[in-house]
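The sequence lines fix the lettering, A, B, ..., with proteins before strands; numbering per chain opens at 1.
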Number of protein chains: 2
Amino acid sequence: MTDVHTTNALRLLQVADDFRAGLSGEFSAVHGISVNEFLLLLHLERSAANRLPRVDLARRMHVSASTITRMAAPMEKIGLIDREVDKRDARLVFVVATHAGRAKLSEALSTFSKRAGYLFGDRCEDEEMDQFASMLRRLMAGTGDTLA
Amino acid sequence: MTDVHTTNALRLLQVADDFRAGLSGEFSAVHGISVNEFLLLLHLERSAANRLPRVDLARRMHVSASTITRMAAPMEKIGLIDREVDKRDARLVFVVATHAGRAKLSEALSTFSKRAGYLFGDRCEDEEMDQFASMLRRLMAGTGDTLA
DNA sequence: GCAATACGCTTGCATATGCAAGCGATTCGC
DNA sequence: GCGAATCGCTTGCATATGCAAGCGTATTGC
């Protein structure tokens, strides 16, 4: 715990939790979606063909396949996403964002950016932000598919 | 999203989620506790008098008071924590770690440190770690009571 | 002092999530 | 080719968590 690595890992978790907690409130109040629903839409948007099989979403989001099934159902019902069955492999059910889904993502992303601005804004120099970005990019090295 | 702040916030969430997911598996397998139970014990250890009222734990951990009540019950049952009612204010129920609780925390902390080592270890120079630490400390500025 | 308010904790209900089993589709071994 | 194993998805059950209401305690306004 006096170890720098340990300290940094603890701080990393704490800062991320704080940020996520703040987001969570504003997202549900302003956009009517959860942080995880936002991240689901974002993963779609940043994927190769703007669509992903459910199992891929699960891996990227660190949740189980059943969670994706259950998150997708209401999002489909309110028209944020749609389903596409693969013609080659009928097991694959792609999730694809609808126009409404992309619009929702766009709104939510602007809230996200605003809060990111609050987080870093007046505390950090531009140069520091670049170093921070480079650091985080390296930490994501093991993680195959990333959002940023 | 081309905004550096936004990118960094996304990466922050992603790295933290990855790390937490990895921890979660090893904690439940090796130590038989969840990440949140670990954090609860850690908050106690790092608090002023090694004990905290339930409502304080809730604030620090970004969970509701009812979650603390429900997390504490089984931890009390297996002897990791104990309860102490305040003599001045009978509403306050302090949570205090038992000897077994501190031992468990110590074991779990070594697992935590090991994984923190994996995360940063071979990817970062010492100097970078210090910059990273300073950055994260500033990002925690708003957060009153911190773990690190 | 006493009523009204605020506070800390707990509990009922609703939602979210993981695990394991089940189902249908595909691929592999031979 | 065909049975066995694998894979993707869904569903039943158990656990975790938040919100709102309830309960008992303390503080405040007067």
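- Distance CE (B:Met75) to P (D:dA16): 12 Å, rounded to an integer number of Å.
- No side-chain N or O of A:Arg11 forms a donor-acceptor pair with one of A:Thr7 less than 3.5 Å apart.
- Side-chain proximity of A:Thr67 to D:dC9, C:dC9, C:dG18: nearest is C:dG18.
- Between the P atom of D:dC19 and the NE2 atom of B:His62 lies a distance of 14 Å, rounded to the nearest Å.
- Between C:dC19, C:dC13, C:dC7, one nucleotide has an atom nearer to the side chain of B:Arg70 than all others, and that is C:dC13.
- With distances taken from any side-chain atom of B:Ala90 to the nucleotides D:dC9, D:dG18, D:dT25, the minimum falls on D:dT25.
- Salt-bridge check for A:Asp86 with A:Arg88: failed, with every basic side-chain N at 4.0 Å or more from each acidic carboxylate O.
- Judged purely by distance below 3.5 Å, without hydrogens or angles, the side chains of A:Ser47 and A:Arg51 never pair a donor atom with an acceptor atom.
- You'll find that the side chain of A:Asp89 is closest to C:dA25, out of D:dT11, D:dG18, C:dA25.
- The CE-C1' distance, from B:Met61 to D:dA16, rounds to 12 Å in whole Å.
- Computed from coordinates, the B:Ile68 CD1 to D:dG18 C1' distance equals 13 Å when rounded to whole Å.
- Between the side chains of A:His5 and B:Ser113, no donor-acceptor pair is found at a separation under 3.5 Å.
- Distance, A:Asn36 CG to C:dT15 P: 17 Å, rounded to whole Å.
- Distance B:Asp86 CG to D:dG24 P: 20 Å, rounded to the nearest Å.
- If you take CD1 of B:Ile33 and C1' of D:dT15, they are 17 Å apart, rounded to a whole angstrom.
- Under 3.5 Å, the side chain of B:Ser66 and the base of D:dC19 form at least one donor-acceptor pair of N or O atoms.
- In this structure, A:Arg88 places its CZ atom 18 Å from P of C:dA25, rounding to the nearest Å.
- Under a 4.0 Å N-O distance rule, the pair A:Lys114/A:Glu26 qualifies as a salt bridge.
- At a cut-off of 3.5 angstrom, counting only N and O atoms as typed in the model, there is no donor on one side facing an acceptor on the other between the side-chain of B:Arg91 and the base of C:dC9.
- Nearer the 5' end of DNA chain C, as judged by each residue's closest nucleotide, is the contact made by B:Arg59, out of A:Met71 and B:Arg59.
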